[in-house]
Colleague: 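Below you'll find the structure I mean.
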There are 2 protein chains.
Amino acid sequence: MITIKKMAELLETSTTTVSNVIHGKTGEVSPAMVEKVQQLLEEYDYVPNINARNLAKNKSGIIGLAMKACRDKYENFIKDPFAGELTGAVESCVRAGGYFTMLYISDDITEIISSVASWNVDGLILHGMQAEDGLMITQKIKKPMVFIDCYLEETVPQYVNVGSEDRIGCYKITKYLIENGHERIAFIADNRVGVDFERLKGYQDALKEADIVFTEDHFIMLEPNGADLTKALDDVYKRIGDFTGLVCASDYYAAHIMNDLKDRGVKIPDDISIVGFDDNVYSQIIRPALTTVHQDVTEKGSLAVDKLLQMIGHQEIGERVIRLPVHIEERNSVKKIKGTHV
Amino acid sequence: MITIKKMAELLETSTTTVSNVIHGKTGEVSPAMVEKVQQLLEEYDYVPNINARNLAKNKSGIIGLAMKACRDKYENFIKDPFAGELTGAVESCVRAGGYFTMLYISDDITEIISSVASWNVDGLILHGMQAEDGLMITQKIKKPMVFIDCYLEETVPQYVNVGSEDRIGCYKITKYLIENGHERIAFIADNRVGVDFERLKGYQDALKEADIVFTEDHFIMLEPNGADLTKALDDVYKRIGDFTGLVCASDYYAAHIMNDLKDRGVKIPDDISIVGFDDNVYSQIIRPALTTVHQDVTEKGSLAVDKLLQMIGHQEIGERVIRLPVHIEERNSVKKIKGTHV
DNA sequence: GTGAAAGCGCTAACAT
DNA sequence: ATGTTAGCGCTTTCAC
């Protein structure tokens, strides 16, 4: 692995000169020298030592992709199609911007913080952060960072976030159910914070608009233990009582619930209608194909990185909190109940 | 961001002393000094500059995860559940080993090579490499590396690989079809190299064993353009003629084909039986649930990293080429044809 | 147009 | 037990 210094020696010139031609500042160097240096570069396959470069320039060239994830939830977090797609989109965009992606996946925010600090990352994409996490990391790390899918405007100073119209999306799809004649509609999620909480609110908005009163037993809280959904699914089956529609906070749950119900002999959408949120592989592959709220994850990742790169370059970033539009992807999991006004 | 030097000044001592207590070499330092240094460490939230450390030690602490992927294939490579799960497993194992994961996803091997060289990574996990890629990267990069799911024993010197029993798996599942009375069985894939080629061979092994002659029209080559499978699916439908069984090289294709056929009114498994390979979300979510060959992707990633870490530590690594065992996951996509000897 | 030299933050061999 | 010093490879200022 040849170094600038070595090449300078070989050519009996200075490191500055070699460095100059490496950086294309050929205006400062005589053509003859340029020629000689370039030959050496070729011959020895020169590759800069990024570590040394970064040390000298006090930057790192690294964009950290930090995801707080309890390994429990889906066994191996990134297995989740959302995380996978997001990771791919981020990496691709980061690379296009001339940076590199370092992955920090952990359920321990302090571990993420110290790793990120050590590497002196130039910027951060953050996912899965709760209020305390967001607060702590912005206090400790003074670097540009953009959150994805968070709702921390009231907690985090200088907050920049790229998310989706979660509330509106869930409002729309609930309204869609209502317009199709449904009145007894349950909402299913495994938590009541962040994105899922917004989706819950959207669902409630639609109910209220239709003068349907929401009571706590409309909300079915899933409590999966690890990757094992069996108990949770059992629970759903017991609780869906005489609902005619199910709004699931994610396609993941919608698909599993649908399969489970089908296995128990429930006809979908004849016996019960189901809708999801995300429009990922789950909703696409399941049958009947799931009517769901479409969000563009790749776009989300790209946009987040774009914004981050702008912040790093001290450019204007426009809107600090973005909610990407979503739309209903109408498929076959909703029954049109007779006698409606639609 | 405080540095060792600064702290040494503040304490009117040497960098060596500070460095020593940072590294827990308290035997070399007086208790009083240890105490004082540790207070400073706390007070100023000292975090080492990894760049500087790496430069001095001529290492990087980075494990590169390099995946050669044409963005075309699934639109955004890592969206593929295999890639996502592998990434998660690798990251987790790398972190546990005290290293960090840097992602290099590109369809251009030379880009991967120069990035990896620049960063002076301590080791590499490689996926999706063809013969020329493997040869080129081992020539240029003199670092420990382990391949995943490659078949390059004849090309790459010092080859270390973690894969699955692709051939045996496909042999087993084809045999399973045969034992269930199938004789006219097609094989479907989108290429004829590497993993899929081995799976094809396994399929052929089973045919031969049953004295069924394989001819070229048993092999249905899929040619998806981008994420759009429509044409390819059309093609499959036209070509499945009077086959009674379909061996797909992946669950991904099996699931899409199954849905497509169902949409066209074909009954599965009554009209035609389908099996896949991977046992991922596709086979689990589809109905009828897909009988497939199970492989453990998380195990694959972990094992690869373990081996890599051993190589970095100059330990004995045992087998250089590993084929993880696979087994048939029997579900409901295969019809037992009457009159068989099973 | 070219070169000398300081410095980025840390490590480690070598004094004292 | 503590301090000095010479790098690691590159950038950059400033002088020639």
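Below, read A as the first sequence line, B as the second, and so on, with proteins coming before strands; counting in each chain starts at 1.
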Colleague: Give the rounded distance in Å between these two atoms: CG of A:Leu11 and P of C:dT2.
Modeller: 11 Å
Colleague: On the nucleotide C:dG1, are OP1 or OP2 found under 4.0 Å from the side-chain N or O atoms that A:Thr17 carries?
Modeller: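 A:Thr17 to C:dG1 OP1/OP2: no side-chain N or O under 4.0 Å.
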Colleague: Could you tell me whether a side-chain N or O of A:Ser19 sits under 3.5 Å from a main-chain N or O of A:Thr15, the two making a donor and an acceptor?
Modeller: no
Colleague: Just how far, in rounded Å, is P of C:dA12 from CD1 of B:Ile22?
Modeller: 13 Å
Colleague: Out of the candidates B:Asp122, B:Asn120, B:Thr138, only one should pair with B:Lys143 under the side chain to side chain donor-acceptor pair (under 3.5 Å) rule; please name it.
Modeller: B:Asn120
Colleague: Any side-chain N or O of B:Thr13 less than 4.0 Å from the OP1 or OP2 oxygen of D:dT2?
Modeller: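 False: B:Thr13 side-chain N/O out of range (4.0 Å or more) of D:dT2 OP1/OP2.
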Colleague: Could you go through nucleotides 8-10 of chain C and list every protein N or O atom that sits under 3.5 Å from one of its N or O atoms, giving the distance for each pair?
Modeller:
unit_1: C:dC8; atom_1: O2; unit_2: A:Ala56; atom_2: N; d: 3.2
unit_1: C:dG9; atom_1: N2; unit_2: B:Ala52; atom_2: O; d: 3.3
unit_1: C:dC10; atom_1: OP1; unit_2: B:Tyr46; atom_2: OH; d: 2.6
unit_1: C:dC10; atom_1: OP1; unit_2: B:Asn49; atom_2: N; d: 3.3
unit_1: C:dC10; atom_1: OP2; unit_2: B:Ile4; atom_2: N; d: 2.7

Colleague: Check this for me: B:Glu42, atom CD, are more than 12 non-hydrogen atoms of other residues, nucleotides or ligands nearer than 6.0 Å?
Modeller: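 Not buried by this count: 12 neighbours or fewer within 6.0 Å.
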Colleague: Taking atom P of C:dG1 as reference, at what distance in whole Å does atom CD of A:Glu12 sit?
Modeller: 21 Å
Colleague: In whole Å, what is the span from the CD atom of B:Glu28 to the P atom of C:dT11?
Modeller: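 Going from CD in B:Glu28 over to P in C:dT11 covers 14 Å.
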Colleague: Should the pair A:Lys5-A:Glu9 be classified as a salt bridge under the 4.0 Å nitrogen-to-oxygen rule?
Modeller: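 Looking at A:Glu9 together with A:Lys5, the answer is no, because their closest N to O distance does not fall below 4.0 Å.
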Colleague: At less than 3.5 Å, do the side-chain atoms of A:Thr16 and the base atoms of C:dA4 form a donor-acceptor pair?
Modeller: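 Indeed, a donor on one side and an acceptor on the other fall under 3.5 Å apart.
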Colleague: I need the NZ-C1' distance between A:Lys25 and C:dG1, as an integer number of Å.
Modeller: 14 Å
Colleague: Taking the inter-plane angle between the rings of A:Phe100 and B:Trp119 on a 0 to 90° scale, is it parallel (under 30°), tilted (30 to 60°) or perpendicular (over 60°)?
Modeller: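 A:Phe100 vs B:Trp119 ring planes: perpendicular.
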Colleague: Expressed in angstrom and rounded to an integer, what is the separation of B:Trp119 atom CH2 from D:dG9 atom P?
Modeller: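 The answer, rounded to whole Å, is 16 Å.
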Colleague: Answer yes or no on whether B:Lys59 is positioned over the face of B:Tyr99, meaning its NZ or CZ is under 6.0 Å from the six-membered ring centre and within 45° of the axis.
Modeller: yes
